[in-house]
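As the structure is a prediction and not an experimental result, all values here were calculated from the model.
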Amino acid sequence: MGDPMTFAEAVRAGSVGRSTATSLFGRYGPWSFLIERDLEDERLLMTLLTGFGGIAVVLTMLGTYGVLSNTVNQRRQEIGIRMALGR
């Protein structure tokens with residue numbers, strides 16, 4: 001059977017290629033190529049969303065650590081007294 005892209009020039013040069021150059025049927029090639037090309041936008045969007053989601057998780061962890069650290073720092077003396085009294 002051979003490589004399907006070897007026939008692409010013949011189709012482009014023929015009457016089928018001229019009449020369908022601007023139509024939906026003008027997009028031809030192997031299925032894998034067409035699927036990859038159609039999914040490029042979705043992959044870019046998912047990559048960006050994954051990156052922003054990762055940044056959001058890191059910021060959330062840093063914020064939680066900061067709030068907890070500040071709370072412990074403010075109550076350090078009270079925690080020390082409670083530990084000394086055994087409560």
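A 4.5 Å side-chain heavy-atom check between L49 and L45 finds at least one atom pair inside the cut-off.
Within 6.0 Å of CD in E78 there are more than 12 heavy atoms belonging to other residues, nucleotides or ligands.
Grouped with V57 in one hydrophobic cluster are M61, the linkage being side-chain heavy-atom contacts under 4.5 Å among Ile, Leu, Val, Met, Phe, Trp and Tyr residues.
Scanning both residues, E42 and D38, for their nearest heavy atoms gives OE1-O, 2.9 Å.
Of the residues listed (R76, M83, R82), the one engaging I79 in a side chain to side chain contact (heavy atoms under 4.5 Å, CB included) is M83, and it is the only one.
T64 OG1 to L59 CG: the interatomic distance, rounded to the nearest 0.5 Å, is 10.5 Å.
Salt-bridge annotation for R43 and E40: absent, with no side-chain N of the basic residue lying under 4.0 Å from a carboxylate O of the acidic one.
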